[in-house]
Amino acid sequence: MENLSFEESLEKLEEIVNKLETGDVPLDDAIDEFKKAMDLVKICDEKLKTAEKSIAKIVENNGEISEFNPE
């Protein structure tokens, strides 16, 4: 599951959420789906943190690289 792209992970997460929202999932299956969803959340979070680090440095108008501080 860790080889999924961010978009694939998010899509699978949305599928699980939609499935659980119906309320027609037996409890044992719902627990398994919840565990899968939590794994997908971790994957998405890690990928977002990696992307954030990649864009943390931006090129200013004068060509110098500076730290990106989102505030």
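Quick caveat, the model's predicted, so the values are computed rather than measured.
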For this session: Determine the minimum heavy-atom distance between Ile16 and Leu40, stating which atoms define it.
Result: CD1-CD1, 3.8 Å

Problem set entry | Atom pair CD/CD of Glu14 and Glu21 - distance to nearest 0.5 Å | 10.5 Å

For this session: Enter the distance from Asp24:CG to Asp29:CG here, rounded to the nearest 0.5 Å.
Result: 12.0 Å

Problem set entry | Main-chain N/O of Ser5 paired with Glu8 side-chain donor or acceptor, under 3.5 Å | yes

Exercise. At their closest point, which heavy atom of Leu48 faces which heavy atom of Phe6, and how far apart are they?
Worked result: CG-CE1, 3.7 Å

Exercise. Which value, rounded to the nearest 0.5 Å, describes the distance between Ser9 atom OG and Asn3 atom CG?
Worked result: 9.5 Å

For this session: For Lys47 and Leu4, indicate whether the former's side chain and the latter's backbone hold a donor-acceptor pair under 3.5 Å.
Result: yes

For this session: Report the C-alpha separation of Thr22 and Asn18 in whole Å, then their side-chain angles, then the decisive distance to 0.1 Å, and conclude whether the side-chain contact (heavy atoms from CB on, under 4.5 Å) test is met.
Result: CA-CA 7 Å; Thr22 66; Asn18 289 335; over 6 Å; no

Exercise. Just by distance, do the side chain of Asp45 and the backbone of Val41 share a donor-acceptor pair under 3.5 Å?
Worked result: no

For this session: Decide yes or no on salt bridge (Lys or Arg N to Asp or Glu O under 4.0 Å) for Glu33 and Lys36, but give the supporting numbers first.
Result: CA-CA 5 Å; Glu33 291 297 315; Lys36 289 178 193 174; 3.4 Å; yes

